[in-house]
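Contents: one structure, followed by commentary.
Just so we're clear, the structure is a prediction, and the values are computed from it rather than from any experiment.
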Amino acid sequence: MDEASRIRRAQTRVEDAREAVRAFHAGVVQDDMALVVFFCASSYDLDAIADEMRRCFAGVQVVGCTSAGEIGPGGYLEHSLAGVSFGARDFTAASGCITRLQDFDAAAGQALARHLQGQLDAATGSKSAANRFALLLIDGLSVREEAVTRAIQSALGVTPLVGGSAADGSDLGRTLVYADGQFHNDAAVLTLVATSLPFRLFDTHHFEPTDERLVVTSADPARRVVREINGLPAAQEFARILGVAQAALTSEHFAGSPVMVIIGGASYIRSIRKANPDGSLTFFCAIENGLILRVGRSLDLHANLQGALARVRGEIGPPQLVLGCDCVLRRVEILQSADRDAITAALQDSNIIGFNTYGEQFRGVHLNQTLAAIAIGAAGPEVKRG
């Protein structure tokens, strides 16, 4: 990035963990850093990553998480480390960690959000929320994203939140967030950022709901398991709607025909993770009894992305940075698409830094198969809130 921007991005595929952090540091280091955000493959030696981050960025606020793929100047990569630094001239940040998500207490989460707001008030000399946004990185296997996102956004009020669920490739084994110099599981890190630059939060997906209705008639929301749809075994009914045999259901069916819920006139994706031997379906989001779902129909991903980025440019000009949380299921589709190079180029042209997630958060909602992002523009006469 330009010297005046105070936003510096980097991505490295160096295999050794310590050398990767040193290469990343060389790419993003600048005087007076307010915040560093990074995303890394879980295949790295994470103890070495944490130790080298502490050494290279001593005294700097650093947050991050493990991923199912990293996105940056090199495009969609695996076994890489990508991230960004924000200069203190244009940014002020405050972050905190929520541990023991299995025992998450909404009041405690809200207290942290308000505490960080107070820190920003003191650091900036202003209580205005018009120039602030929040970034949430959360353990993607915690099954607590809905409760945490809802509680924190409620406490933040008009300050909008974007986030991503930490991942570990396709392993679904152990997902970690980084805060206070170390990695944590069963945890989330919340960062509030105030900036003098214009920004916009946006989310986008390339599906539209069809008329095919699926009524959830038996579910275990805490485990994200749906046992029955329309009064029938869930996997059997979903397979019937798609016109395939239950035994033939694959991840491609779930990714290509996700189910959707309509909230306040907007449609959100609720992706199916897997079909279970007992005929139930496990989702990437909590699904409640009585919820009415609709099967999603795929549109043109490339055109959808171009449209979203064009709207961003129309509001804040060419972005200096798009900090993006992009679902791992989108990654799978993009890498198999004939438009792969064009999609990658569109993201690179928008100066993206991001990661592939096990779920996304946008304002107070937990999402799937969505790109949820913060676009930051250049200095202008008016700051636009996301």
### Task
Count the heavy atoms of every other residue, nucleotide or ligand shown that sit under 6.0 Å from CD of Q348, and state whether that count exceeds 12.
yes
### Task
Please report the C-alpha distance between D168 and T66 in whole Å, then the side-chain angles of each, then the deciding distance to 0.1 Å, and finally whether the side chain to side chain donor-acceptor pair (under 3.5 Å) criterion is met.
CA-CA 6 Å; D168 66 339; T66 59; over 6 Å; no
Are the side chain of [X] and the backbone of [Y] linked by a donor-acceptor contact shorter than 3.5 Å?
X: R224; Y: F284; result: yes
X: E52; Y: D47; result: no
X: E360; Y: G164; result: no

### Task
Hey, can you tell me if F183 and F38 have their rings parallel, tilted or perpendicular (30° and 60° cut-offs)?
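Perpendicular.
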### Spatial distance of atom CZ (R200) from atom CZ (F133) [nearest 0.5 Å]
14.5 Å
## Note on the structure
Interatomic distance, CZ@R313 vs CG@D349, rounded to 0.5 Å, equals 8.0 Å
### Query
Are V259 and F283 close enough that some pair of their side-chain heavy atoms sits under 4.5 Å apart?
yes
### Query
Considering residues at least two apart in sequence or located in another chain, which fulfil the salt bridge (Lys or Arg N to Asp or Glu O under 4.0 Å) criterion with E212?
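In terms of salt bridge (Lys or Arg N to Asp or Glu O under 4.0 Å), with neighbours along the sequence ignored, E212 is linked to no residue.
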### Query
Name the one of L197, V322, V193, I316 that satisfies side chain to side chain contact (heavy atoms under 4.5 Å, CB included) with I376?
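The side chain to side chain contact (heavy atoms under 4.5 Å, CB included) with I376 is passed solely by L197 among L197, V322, V193, I316.
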### Query
Considering the options D326, I71, L137, which one meets the side chain to side chain contact (heavy atoms under 4.5 Å, CB included) requirement together with F355?
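For F355, the side chain to side chain contact (heavy atoms under 4.5 Å, CB included) check succeeds only for L137.
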Show me the side-chain donor-acceptor pairs of residues 173-180 shorter than 3.5 Å, one per line, residues at least two apart or across chains.
unit_1: T175; atom_1: OG1; unit_2: D139; atom_2: OD1; d: 2.3
unit_1: T175; atom_1: OG1; unit_2: G140; atom_2: N; d: 3.1
unit_1: T175; atom_1: OG1; unit_2: L141; atom_2: N; d: 3.3

### Message
Is there a side chain to side chain donor-acceptor pair (under 3.5 Å) between Q361 and T149? Walk through the geometry before answering.
### Response
CA-CA 7 Å; Q361 295 80 49; T149 304; 4.7 Å; no
